[in-house]
Student: 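To start, I am sharing the structure in question, which I have written as structure tokens.
As the structure is a computational prediction, the values presented were derived from the model and not from experiment. Throughout, a chain's letter reflects where its sequence line sits, starting with A, and its residues are numbered from 1.
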Amino acid sequence: MPNSPLHDWDLAPREAIALQKRLAGQVEREDRLDPVGRIAGVDIGFEQDGAITRAAVVVLAWPPGAEGEFEPTTLEIVEQVVHREPTRMPYVPGLLSFREVPAALAAFERLEVRPELVMVDGQGIAHPRRIGVASHLGLWLDLPTIGVAKSRLCGRHREPGPARGDWTPLVDGPDDEVIGAVLRSRVKVKPIFVSPGHRLTLPTALDWVIRCLGRTKLPEPTRLADRLASRRGR
DNA sequence: GCGACAG
DNA sequence: ATCTTGTCGC
């Protein structure tokens, strides 16, 4: 226990926040990605009243076999991993990464292939201290990451247009800093919140999310990881 | 003091 | 996040 390699994740809120402030300065907001051949989706689910954490990672091949507008129908699954472990931290708004990243890292360690891009279920820099779970994970994996959340954590925004692909900027702070985008990924459905995680800009993040949209609200990477982590998927 | 609050 | 039946629509 005292020698657990992930011991440094078990922090009191006080220390966790201090760590986030230090790490936030290491999050890269410029594009720095290698040619994309594989895209991974990550999500965490729970079992037994939250006692067990399930981390799921799904790796898809890019480009898809038959790419159509908003329909990458042939995004082939290259590999998928599910890792289970005891839950170590409770959910605290703003400190989600300390609860989910350890399990996600363990799942990645079991992966045989390495993706060039990762989509995470949660916020990237659209976070009070600009380091949401997607940014934190990207920092640890040293990979470009994108935050794809189903709801807002912080920031202000106007309602995006009704058409698929319409989006409005998510801004925060007294200076209206742009921290993400509110994207209408499907007609007549609540928009999703896209934000850069690590090593890429908002335009690039939006571009990839839109390119990975199928007929559902969530882009294929996180949609498939969602299924796996939630137990549903086959 | 009063809301808001990823998963 | 998770607990859950039916129901509307392509």
Side-chain angles (χ1 to χ4, degrees), chain A residues 9 13 16-17 20 23-24 27 41-58 68 70-71 73 82-107 118-140 145-157 164 170-174 179-183 185-198 202 205 209 213-219 221-233:
Chain A
W9 286 102
I17 290 175
Q20 288 186 321
L23 296 179
V27 175
V42 187
D43 188 36
I44 274 64
F46 300 89
E47 305 173 10
Q48 300 170 35
D49 298 299
I52 299 297
T53 297
R54 280 173 58 102
V57 180
V58 177
F70 292 136
E71 289 190 35
T73 55
V82 174
H83 168 79
R84 300 167 75 255
E85 65 175 43
T87 299
R88 62 180 70 213
M89 305 263 306
Y91 166 66
V92 178
L95 301 180
L96 180 67
S97 59
F98 293 86
R99 174 176 165 83
E100 306 192 337
V101 170
L105 288 177
V118 182
M119 290 191 193
V120 185
D121 191 338
Q123 314 289 352
I125 64 171
H127 174 283
R129 289 169 290 284
R130 307 294 183 262
I131 179 164
V133 62
S135 301
H136 207 155
L137 182 60
L139 219 44
W140 242 254
T145 57
I146 298 173
V148 181
K150 296 181 287 297
S151 61
R152 182 191 70 88
L153 171 59
C154 68
R156 306 174 290 281
H157 67 88
R164 171 135 70 163
L170 176 63
V171 304
D172 189 36
I179 58 176
V182 185
L183 173 69
S185 55
R186 237 199 119 169
V187 178
K188 292 176 181 172
V189 167
K190 187 169 53 128
I192 58 178
F193 295 72
V194 178
S195 60
H198 184 48
L202 177 59
V209 169
L213 284 179
R215 307 162 183 151
T216 53
K217 168 179 177 172
L218 296 175
T222 49
R223 181 183 73 80
L224 294 173
D226 250 60
R227 270 201 337 188
L228 251 190
S230 302
R231 199 165 256 310
R232 285 170 293 173

Student: What heavy-atom pair brings A:Gln123 and A:Ala149 nearest, and what distance separates the two atoms?
Tutor: NE2-CB, 3.3 Å
Student: Inspect the contact between A:Asp43 and A:Arg227 and indicate whether a charged nitrogen and a carboxylate oxygen are less than 4.0 angstrom apart.
Tutor: no
Student: Hey, does A:Arg54 have a side-chain heavy atom less than 4.5 Å from the side chain of A:Glu85?
Tutor: no
Student: Only stems of 3 or more consecutive Watson-Crick or G-U pairs count here, both distances under 3.5 Å; name the ones for DNA chain B, or none.
Tutor: none
Student: With a 4.5 Å heavy-atom cut-off, do A:His136 and A:Leu23 have their side chains touching?
Tutor: yes
Student: Provide, to the nearest angstrom, the distance between the CZ atom belonging to A:Arg88 and the P atom belonging to C:dA1.
Tutor: 21 Å
Student: Under a 4.5 Å cut-off applied to non-hydrogen side-chain atoms, are A:Asp226 and A:Lys150 in contact?
Tutor: yes
Student: Would you call A:Val27 and A:Ile125 a side-chain contact if the rule is heavy atoms closer than 4.5 Å?
Tutor: yes
Student: Would you write out the dot-bracket form of DNA chain C, 5' to 3', with Watson-Crick and G-U pairs under 3.5 Å, [ ] for crossing pairs, | for pairs to other strands and . for unpaired bases?
Tutor: ..........
Student: Any heavy-atom pair between the side chains of A:Val148 and A:Asp121 that's under 4.5 Å?
Tutor: no
Student: Among B:dA4, B:dA6, B:dG7, which is the nearest nucleotide to the side chain of A:Arg152?
Tutor: B:dA4
Student: Rounded to the nearest Å, what distance is computed from the CZ atom of residue A:Phe193 to the C1' atom of nucleotide B:dA6?
Tutor: 10 Å
Student: What does A:Ile192 touch in the nucleic acid at a heavy-atom separation under 4.0 angstrom: a base, only the sugar-phosphate, or nothing?
Tutor: nothing
Student: Between B:dG7 and A:Ser151, is there an OP1 or OP2 to side-chain N/O distance shorter than 4.0 Å?
Tutor: yes
Student: Hey, does A:Gly94 reach any base, or is it just sugar-phosphate, or nothing, if we go heavy atoms under 4.0 Å?
Tutor: base
Student: Do the side chains of A:Phe46 and A:Arg84 get nearer than 4.5 Å, heavy atoms only?
Tutor: no
Student: Identify which nucleotide among B:dG7, B:dA6, C:dA1 has an atom closest to any side-chain atom of A:Phe46, counting heavy atoms from C-beta outward.
Tutor: C:dA1
Student: Between B:dG7 atom C1' and A:Leu137 atom CG, what is the distance in whole Å?
Tutor: 14 Å
Student: Rounded to whole angstrom units, what separation is found between the CZ atom of A:Arg99 and the P atom of C:dA1?
Tutor: 11 Å
Student: Give one of base, sugar-phosphate or nothing for A:Asp49, where a contact means two heavy atoms less than 4.0 Å apart.
Tutor: nothing
Student: Report which part of the nucleic acid A:Tyr91 touches: base, sugar-phosphate, or nothing (heavy-atom distance under 4.0 Å, all strands).
Tutor: base
Student: Decide yes or no for A:Gln20 and A:Leu95: does some side-chain heavy atom of the first lie under 4.5 Å from some side-chain heavy atom of the second?
Tutor: yes
Student: Could you tell me whether A:Glu100 contacts a base, only the sugar-phosphate backbone, or nothing, with contacts defined as non-hydrogen atoms closer than 4.0 Å?
Tutor: sugar-phosphate
Student: With respect to the phosphate group of B:dA6, does any side-chain polar atom (N or O) of A:Lys150 fall under 4.0 Å of OP1 or OP2?
Tutor: no
Student: What is the separation between atom CG on A:Asp226 and atom P on C:dA1, rounded to the nearest whole Å?
Tutor: 6 Å
Student: Checking all strands, does A:Gly132 fall into the base, sugar-phosphate, or nothing category for heavy-atom contacts under 4.0 angstrom?
Tutor: base
Student: Over how many whole Å does the gap from A:Arg54 atom CZ to B:dG7 atom P extend?
Tutor: 18 Å
Student: How far apart are the C-alpha atoms of A:Ile192 and A:Leu218, what are their side-chain angles, what is the distance that settles it, and do they pass the side chain to side chain contact (heavy atoms under 4.5 Å, CB included) test?
Tutor: CA-CA 8 Å; A:Ile192 58 178; A:Leu218 296 175; 4.2 Å; yes
Student: Rounding to an integer number of Å, can you tell me how far A:Leu218 CG sits from B:dG7 C1'?
Tutor: 13 Å
Student: Given atom CG of A:Leu228 and atom P of C:dA1, what is their separation to the nearest angstrom?
Tutor: 15 Å
Student: Nearest to the side chain of A:Pro93 - C:dT2, B:dG7, B:dC5?
Tutor: B:dC5
